[in-house]
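Notes for the one structure printed next.
Source: prediction; values computed, not measured. Atoms within a ligand are numbered from 1 in the order they appear, just like the ligands themselves. In what follows, residues are counted from 1 in the order of the sequence shown.
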Amino acid sequence: MSRFLAAATDAAHFPAPSLPEVAFLGRSNVGKSSVINTLIGDKIARTSSTPGRTRSINFFEVRWPGKPRPEVIFADLPGYGYAKLSREISQEWPKFIEPYLNDRPTLALCMALVDVNVPPQDSDRQLLDFLNASGRDFLLIATKSDRLSNNQLRNALKGLEQAYPTAPVIPFSAKTGAGRDEVWNKIRQSAAKLPATEFQS
Ligand SMILES: Nc1nc2c(ncn2[C@@H]2O[C@H](COP(=O)(O)OP(=O)(O)OP(=O)(O)O)[C@@H](O)[C@H]2O)c(=O)[nH]1
Ligand SMILES: [Mg+2]
């Protein structure tokens, strides 16, 4: 089964790099922990209707059913951009989030989550700029797609593609599971690109 590995608020507490990692990034309340639970098929990451639930980088070891060993690690990151918390969180970025994104040798893919119901925000642009400059593989996940009609969703996705032309966009719903298979395919592709077993014993 998949399991919780560690919570880190400091680079010294990151687990030793081993398996390929996927990081989930985005504004508070966008649905990072929910996307993780939907991908894993288990309520392993804590979710909340109150923004700012996740305050540390939480690492989860993910094992596909039927496989003998875990094959990927998910990193659930604290959200940014929520007014009440933004000062605190922006203090946290240089302390452990930026070092994680810049230096983690096993980080294979970053998921930048945006709420498809909310117009593009400055804080999201900043994240996308950061990821563009980092050279990391990343995807834009348009969350909560179940809240829009097909027509509204098509328009919202067009808007996102215009706002962030460099990022592949995948619509996703933790409620219906829409986008789950496509995201898993991207995770497998990126994980396979990571230099094999350099960090695995
Ligand atoms: N309708 C709908 N609601 C969702 C979806 N994903 C998340 N939510 C709701 O959005 C709220 C926030 O979800 P979380 O997964 O806790 O968000 P988060 O990004 O981890 O939030 P922080 O940890 O606070 O940064 C919860 O009330 C979820 O139930 C979705 O796909 N559809
Ligand atoms: Mg969370």
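- When only interatomic distances are considered, the shortest N/O to N/O separation between A174 and ligand 1 falls below 3.5 Å.
- Minimum heavy-atom separation, S173 to D146: OG-OD1, 2.7 Å.
- Side-chain polar atoms of S33 and D76 form a donor-acceptor pair below 3.5 angstrom.
- Looking at S56, its side chain never comes within 3.5 Å of a backbone N or O of A8 through a donor-acceptor pair.
- In the vicinity of S49, heavy-atom distances shorter than 4.0 Å reach the ligand 1 atoms 27 (O).
- Ligand 1 has a nitrogen or oxygen under 3.5 angstrom from a nitrogen or oxygen of G31.
- Of the polar atoms of S48, at least one N or O is found under 3.5 Å from an N or O of ligand 1, judged by distance alone.
- Of the possible polar contacts, one joining the K32 side chain to the G26 backbone as a donor-acceptor pair under 3.5 Å is found.
- Atom 28 (C) of ligand 1 has its closest protein heavy atom at S34 OG, 3.9 Å.
- Close N/O approach between D76 and ligand 1 is not found [any backbone or side-chain N/O within under 3.5 Å].
- For atom 8 (N) of ligand 1, the closest non-hydrogen atom of the protein is K144 CE, 3.7 Å.
- A distance below 6.0 Å separates the ring centres of F74 and W184.
- For a threshold of 3.5 Å applied to N or O pairs, the pair formed by T47 and ligand 1 contains no separation below that value.
- When only interatomic distances are considered, the shortest N/O to N/O separation between S145 and ligand 1 does not fall below 3.5 Å.
- Ligand-side atoms of ligand 1 in range of G79: 25 (O), range being under 4.0 angstrom from any heavy atom.
- The closest approach between a heavy atom of G26 and any atom of ligand 1 is not below 4.0 Å.
- Formation of a donor-acceptor pair under 3.5 Å by the D137 side chain with backbone atoms of L109 is not found in this model.
- At least one heavy atom of N29 sits less than 4.0 Å from an atom of ligand 1.
- Note on S48: not counted as a metal contact of the Mg ion (ligand 2), no N/O/S atom lying under 2.8 Å.
- Residue contact check: K175 has heavy atoms under 4.0 Å from atoms 1 (N), 31 (O) of ligand 1.
- At distances below 3.5 Å, not a single donor-acceptor pair connects side-chain atoms of Q152 with backbone N or O atoms of N150.
- Near R147, meaning under 4.0 Å from any of its heavy atoms, are these atoms of ligand 1: 1 (N), 3 (N).
- For K186, the NZ atom sits in a loose shell: 12 or fewer heavy atoms of surrounding residues, nucleotides or ligands are nearer than 6.0 Å.
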